[in-house]
2 protein chains.
Amino acid sequence: MPTISDVARITGLSKSTVSRVINNHPYISSQKREKVLKAMEEIGYYPNPSARRLRGHTSNTIGVIVPRIVNPFFSYLVNSIEQEAFKNNYQVIIFQSNDLKDKELYFLNLLKNRQVDGIIMTSIENDWETIEPYMQYGPVLLCNEYVNQSSVSKVRLDQKKGAYMGTEHLINKGHQKIAYCTGGLFAGYGRDFDRNTGYQKAMDKHQLTPNPNWIFIQRHSIEDGKKVVKEILSMNDKPTAIFSGSDEVAAGIIIEAKENGLKIPDDLAVIGFDDQPLAEIVDPKLTTIKQPIDEMGIKSVELLIQMMNSKDSMVEEVQLPIQLIEREST
Amino acid sequence: MPTISDVARITGLSKSTVSRVINNHPYISSQKREKVLKAMEEIGYYPNPSARRLRGHTSNTIGVIVPRIVNPFFSYLVNSIEQEAFKNNYQVIIFQSNDLKDKELYFLNLLKNRQVDGIIMTSIENDWETIEPYMQYGPVLLCNEYVNQSSVSKVRLDQKKGAYMGTEHLINKGHQKIAYCTGGLFAGYGRDFDRNTGYQKAMDKHQLTPNPNWIFIQRHSIEDGKKVVKEILSMNDKPTAIFSGSDEVAAGIIIEAKENGLKIPDDLAVIGFDDQPLAEIVDPKLTTIKQPIDEMGIKSVELLIQMMNSKDSMVEEVQLPIQLIEREST
DNA sequence: TCCTTTTATGAAATCAGTTTCATACTCATT
DNA sequence: AATGAGTATGAAACTGATTTCATAAAAGGA
């Protein structure tokens with residue numbers, strides 16, 4: 001495997017000169033530059049990233065932490081991040097935290113060791129106090145998930161408005177008994193909190209009070225959605241509509257509801273969140289809140305690259321719009 | 001950020017001794033080992049992977065090349081690979097080739113530079129002649145996609161049998177006019193070729209000859225599936241069943257067929273391939289050929305680790321069984 | 001007791017690059 | 001002609017680890 005010394009030997013120049021050619025330094029005669037380039041091409045030389053990293057600090061690699069890559073929301077987000085990064089000559093390393101604190105911390109450590117130049121976190125498992133110290137080693141950007149902290153850059157969506165729009169849409173369709181189904185718990189900040197707030201606000205505005213039984217937390221999968229329907233069927237006071245924080249749960253609800261002879265949207269209206277591909281696959285097709293995943297990925301990479309290039313630590317917050325897509329389930 | 005020299009200074013020992021503790025070398029007094037461990041813990045020292053790598057150590061990283069991470073088949077495969085690798089203390093880097101030859105080559109180069117200890121390829125873009133030379137730099141394993149080459153390890157499925165089973169299932173249901181829809185072209189080897197062979201074999205056995213118009217190639221997405229239905233509707237001689245090489249295309253077929261008033265499976269039977277989550281979401285639910293994705297990922301990691309540890313290059317081939325899941329679309 | 005083997009440690013070389021420092025040459029300006 | 005700025009290049013130091021080589025003490029065997 002050829003090294004920079006081989007190139008130097010072949011061209012009769014020093015390693016320094018070869019290195020300068022590689023890194024596009026000024027003050028190299030074009031004649032020698034040609035010579036080096038040609039030799040590099042000839043012997044198939046490719047600089048060793050470990051060596052560059054060790055000395056030169058930048059690895060041209062950014063890390064992305066996702067909870068689960070099989071979740072289409074995240075795989076689409078990662079895809080958009082990867083595309084944009086590649087355009088800018090950055091490599092992406094994808095880390096799956098599986099909602100595990102230890103794994104998340106392990107990945108953040110790679111920032112410390114300059115394995116990655118920066119990190120995009122699309123989920124947060126540890127307390128902010130635990131994560132914050134890592135920011136001294138390199139830029140960290142929160143994408144999608146976020147915390148109430150002004151010291152960190154964020155690219156996020158107007159979740160509150162999204163939930164508000166969705167809930168109000170159901171109200172406008174004549175519903176009063178609206179269930180609410182979320183992936184998270186009831187923390188005092190972050191994505192899910194904002195959604196809760198949006199839902200509450202819409203309900204309050206129309207003087208509606210939901211039955212506490214209609215609030216479902218920590219529902220993530222299609223299976224979870226099916227279970228929600230079973231629970232609802234056993235209630236005396238049943239909701240006529242459900243706002244779900246995830247398209248997958250919404251899909252599960254639709255499938256199980258049909259199985260039990262319920263007509264959608266007449267007997268039960270369902271609205272999802274994300275606009276995943278499956279929203280157009282379920283029958284009836286799912287009304288949902290579309291998150292601009294691609295824009296979010298692109299913006300995150302743009303911002304992170306800016307952060308990596310700026311000497312002093314900059315903090316910026318970007319909020320992207322969100323949109324209701326009406327289909328057949330409401 | 002602390003280095004090994006810091007640990008050496010604090011403990012009053014040499015870098016060599018500290019390094020030996022880190023790497024569990026013999027001949028270290030337990031008293032000094034304790035001292036080093038304690039100091040490392042105290043200052044939050046974590047060895048710099050670039051430096052280790054440079055010196056010719058393994059990086060404990062394996063690379064996985066996928067064409068598209070948004071394709072659920074690959075995201076599930078990557079997920080299983082990642083889980084198994086993490087268990088074995090390996091990190092996974094995911095590369096998206098986007099079906100681009102250049103990108104694939106770029107990733108293979110990382111093997112050359114010891115960025116990764118081994119590579120799992122789940123798709124192949126370049127000719128085998130182009131890829132083969134990279135195998136001298138480290139183990140390469142073909143997972144899912146493969147070539148007719150005995151010099152490389154493979155973990156693959158019995159695609160031929162899968163296609164045969166699917167086609168025969170349709171024949172047993174009374175169909176004679178069976179269309180065939182594949183993602184690939186008609187190459188003379190590999191995954192898609194085996195499937196074609198399986199389809200042909202089943203048709204031949206029952207003395208059936210498909211109309212050449214019923215063969216659709218290079219169909220990947222839900223949209224592609226919808227288009228297939230449109231094409232079929234404009235034919236005089238229409239097939240009564242379709243074997244699709246992908247659940248997504250099959251889903252598109254079902255959606256568009258229903259849109260046009262066709263009853264499934266009565267007017268058109270559809271069978272997919274993969275058993276992706278959407279197979280249970282479409283209505284009617286999709287009959288499909290289940291690929292044991294998790295087993296495939298686990299087996300691939302197991303085998304690759306074996307290859308990385310064995311001094312002489314070993315070549316092994318694993319073939320996993322495949323299974324028909326009958327649902328409502330046939 | 002002497003010699004060999006085992007145990008334990010450190011100095012220095014090494015990995016493949018980048019960067020600093022030193023140097024020399026070419027012009028332009030005073 | 002002397003000075004200074006700009007251009008072009010190489011030698012050597014440096015990045016943070018691992019490994020080889022050298023050495024010394026302790027243990028075991030004759």
*Using atom CG of A/Asp6 as one end and atom P of C/dA16 as the other, report the distance to the nearest whole Å.*
9 Å
*With DNA chain D as reference, determine whether A/Ser29 or B/His25 sits nearer its 5' end, using the nearest nucleotide of each.*
A/Ser29
*So, B/Asn23 versus B/Arg52: side-chain donor-acceptor pair below 3.5 Å or not?*
yes
*Starting from P on D/dT19, measure out to CD1 on B/Ile22 and report it in whole angstrom.*
11 Å
_Residue B/Ala51, side-chain atoms from C-beta onward, closest of C/dT6, D/dG16, C/dG17_ = D/dG16
*Would you give the length of the straight line joining atom CD of A/Glu302 to atom CE of A/Met307, rounded to the nearest 0.5 angstrom?*
13.5 Å
_N/O donor-acceptor pair under 3.5 Å between A/Ser153 side chain and A/Glu316 backbone_ = yes
_A/Ile28 side chain, from C-beta outward: closest of D/dT9, C/dT18, D/dA17_ = D/dT9
*Ignoring hydrogens and angles, answer whether the base of C/dT18 and the side-chain atoms of A/Arg55 contain a donor-acceptor pair closer than 3.5 Å.*
yes
*Is a salt bridge present between A/Arg156 and A/Glu317, judged by a nitrogen-to-oxygen distance below 4.0 Å?*
yes
*Please check the phosphate of D/dT18 (OP1 and OP2 only) for any side-chain N or O of B/Asn23 closer than 4.0 Å.*
yes
_Output the rounded distance in Å from CG (A/Asn48) to P (D/dG16)._
16 Å
*Taking only side-chain nitrogens and oxygens of B/Lys32, does any of them come within less than 4.0 Å of OP1 or OP2 of C/dT9?*
yes
_Distance below 4.0 Å between B/Tyr45 side-chain N/O and D/dA17 OP1 or OP2_ = yes
*Using atom CG of B/Asn24 as one end and atom P of D/dA17 as the other, report the distance to the nearest whole Å.*
17 Å
*If you round to the nearest 0.5 Å, how far is OG1 of B/Thr130 from CH2 of B/Trp128?*
10.5 Å
*Just to confirm, is there a sub-4.0 Å distance from OP1 or OP2 of D/dG16 to any side-chain nitrogen or oxygen of B/Tyr46?*
no
*asked:* By the side-chain hydrogen bond (donor to acceptor under 3.5 Å, both in side chains) test, which pairs, at least two apart or in different chains, include something from residues 100-110 of chain A?
replied: A/Asn98-A/Lys103, A/Lys103-B/Glu82, A/Glu104-A/Asn126
*Any side-chain N or O of A/Tyr27 under 4.0 Å from OP1/OP2 of D/dT7?*
yes
*NZ of A/Lys299: more than 12 outside heavy atoms within 6.0 angstrom?*
no
*Answer yes when A/Lys87 and A/Glu84 have at least one side-chain N-carboxylate O distance shorter than 4.0 Å, and no when they do not.*
yes
*Using whole Å, report how far CG of A/Leu54 lies from C1' of D/dT18.*
12 Å
*Take the C1' atoms of the five end pairs on each side of the helix from C/dT1-D/dA30 to C/dT30-D/dA1, derive the two axes, and give their angle rounded to 10 degrees.*
50°
*Heavy-atom contacts under 4.0 Å between residues 9-20 of chain B and DNA chain D, which residues?*
B/Lys15, B/Ser16, B/Ser19, B/Arg20
*How close or far is atom P of D/dA17 from atom CZ of B/Arg53, stated in whole angstroms?*
13 Å
*Do A/Thr17 and A/Ser14 have side-chain N/O donor and acceptor atoms under 3.5 Å apart?*
yes
*Give a yes/no on whether any side-chain N or O of A/Arg52 is located under 4.0 angstrom from OP1 or OP2 of C/dT18.*
yes
*Short question: side chain of A/Asn88, backbone of A/Ala85 - any donor-acceptor pair under 3.5 Å?*
no
*Can you check the B/Asn60 CG to D/dA17 P distance for me, whole Å?*
16 Å
*Assign each of A/Pro47 and B/Pro26 to its nearest nucleotide of DNA chain C by heavy atoms, then name whichever residue's nucleotide is nearer the 5' end.*
B/Pro26
*Please give, in whole Å, the distance from C/dG10 P to B/Ile4 CD1?*
12 Å
